[in-house]
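Below: one structure, written as structure tokens.
Sequence positions, counted from 1, serve as the residue numbers for this chain. Hydrogens, waters and symmetry mates play no part in the numbers below; they use all other heavy atoms, side chains included.
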Amino acid sequence: MTATPPVPVTATTLRIGAHVRHDDPVAAGQARGAALSQFFIGDPQGWKKPQVAFDGGPAALRAAAEEAGIDLYVHAPYVLNVATTNNRIRIPSRKLLQQQMDAAAEVGAKGLIIHGGHVGSDAELEKGFDNWRKAVDQTDIKVPLLIENTAGGNHAMARHVDRIARLWDAISQAEGFDEVGFCLDTCHAHAGGNELGSVVEQVRAITGRIDLVHLNDSRDAFDSGADRHANLGAGSIDADGLAGVVRAAGAPVVVETPGGAEEHAADFAWLRERL
């Protein structure tokens, strides 16, 4: 796929927000001075059908977000793994993915973020990529489905750039592929062994797009495989590397860093000072 040039990002044009509590992502965004909010609909570690906790339900949340000028992004539960060859996980994952997609559409989300998942061995990798193709084929994609790179796992679908290329090659054959995008997590990329100085260019060459950046510092070293986020400037990632990803990607930014409104606002300011 031919990559399209990113839209330039400056301190004034940057659209940034945070991962926040699910009960009122609009108020949480306003408390941070954010342009967007990311949240879970339901239990991130469970299989129950998603329920919007906002007072008044999905329609009320959609209206409140539109009035406040805050874009909403939904993160799918961590338990989802549409790649696995384990039927007891893959089949419920596909069902819950559709339920999450439906809920994200109801609240007017700009995207539904899902981790790439993993298989049990190298021998299962090709099956895992094909399972992803089937998942895209069978999902009624109502808002962009944003696949996120992951930090660890020797048999992960989206840890390393070469695996992302194989994943994209597989899902490109699926109906609905045009609505599949990419979410680049900086902590995951760093801990997963991908150089931040080149990863944006590499991913865009494969996918043609980066729809969202999860801007997180890393508590752990390069290629550690550990997914432990730190506030911006407080971890092991070079500051210029973090800011460089934002400039190169030209996409909205979500911080998934520790703390609440005060800490997240400080992260926003940290980034703007470096753009």
Side-chain angles (χ1 to χ4, degrees), residues 1-3 45 47 75-101 111-196 198-212 214 222-227:
M1 179 180 292
T2 302
Q45 300 289 357
W47 295 96
H75 199 303
Y78 299 129
V79 293
L80 290 185
N81 184 4
V82 301
T84 181
T85 59
N86 184 337
N87 291 343
R88 295 183 178 182
I89 297 175
R90 186 183 69 259
I91 294 172
S93 290
R94 289 182 184 172
K95 179 180 178 180
L96 186 55
L97 173 58
Q98 185 64 65
Q99 293 171 340
Q100 288 280 328
M101 177 63 69
L112 173 65
I113 299 98
I114 179 173
H115 287 179
H118 59 276
V119 292
S121 67
D122 281 348
E124 295 179 346
L125 282 171
E126 286 306 320
K127 183 61 177 175
F129 295 130
D130 194 54
N131 282 341
W132 250 111
R133 178 192 62 79
K134 292 176 181 177
V136 173
D137 240 346
Q138 295 174 15
T139 302
D140 181 8
I141 302 179
K142 301 175 179 179
V143 304
L145 179 64
L146 309 182
I147 302 175
E148 179 181 354
N149 61 307
T150 49
N154 292 329
H155 316 301
M157 298 289 100
R159 173 176 177 175
H160 297 116
V161 172
D162 63 326
R163 296 275 177 85
I164 295 170
R166 292 167 69 183
L167 172 59
W168 235 253
D169 183 60
I171 64 175
S172 67
Q173 309 303 313
E175 184 176 349
F177 168 67
D178 289 345
E179 295 301 317
V180 179
F182 196 83
C183 173
L184 176 64
D185 187 300
T186 54
C187 173
H188 296 177
H190 173 81
N194 303 280
E195 294 286 353
L196 289 190
S198 57
V199 71
V200 171
E201 181 179 0
Q202 290 174 315
V203 168
R204 288 180 64 85
I206 294 164
T207 68
R209 57 197 285 179
I210 292 177
D211 299 79
L212 189 67
H214 281 173
F222 181 80
D223 205 19
S224 63
D227 181 10

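- Counting only residues at least two apart or in different chains, salt bridge (Lys or Arg N to Asp or Glu O under 4.0 Å) contacts with residues 134-153 comprise Asp102-Lys142, Asp130-Lys134, Arg133-Asp137.
- Smallest separation of non-hydrogen atoms from Asp227 and Ala151: CB-CB, 3.9 Å.
- The CG atom of Asn154 lies 7.5 Å from the CG atom of Asp122; values are rounded to the nearest 0.5 Å.
- Between Val119 and Ala83 the shortest heavy-atom distance is CG1-O, 3.6 Å.
- Within the 3.5 Å criterion, the main-chain N or O of Val180 finds a donor-acceptor partner in the side chain of Arg209.
- Judged purely by atom type and a 3.5 angstrom limit, Asp185 has no side-chain atom pairing as donor or acceptor with the backbone of Asn149.
- What you find for Ala189 and Leu184 is that their closest heavy atoms are CB-CD1, 4.4 Å.
- Taking every heavy atom of both residues into account, His190 and Leu196 meet most closely at N-CD2, 4.4 Å.
- Between the side chains of His160 and Asn194, not a single donor N or O lies within less than 3.5 Å of an accepting N or O.
- With sequence neighbours excluded, the residues that form a side-chain contact (heavy atoms from CB on, under 4.5 Å) with Pro77 are Val79, Leu80, Leu96, Gln100.
- Each of Val136, Asp211, Thr207, Leu167 was compared with Ile147 under the side-chain contact (heavy atoms from CB on, under 4.5 Å) criterion, and only Leu167 meets it.
- Note that CZ of Arg90 is 6.5 Å distant from NZ of Lys127, once rounded to the nearest 0.5 Å.
- Between Arg159 and Ala156 the shortest heavy-atom distance is CB-CB, 3.9 Å.
- When all heavy atoms are compared, the tightest approach of Ala158 to Gly116 is CB-CA, 4.3 Å.
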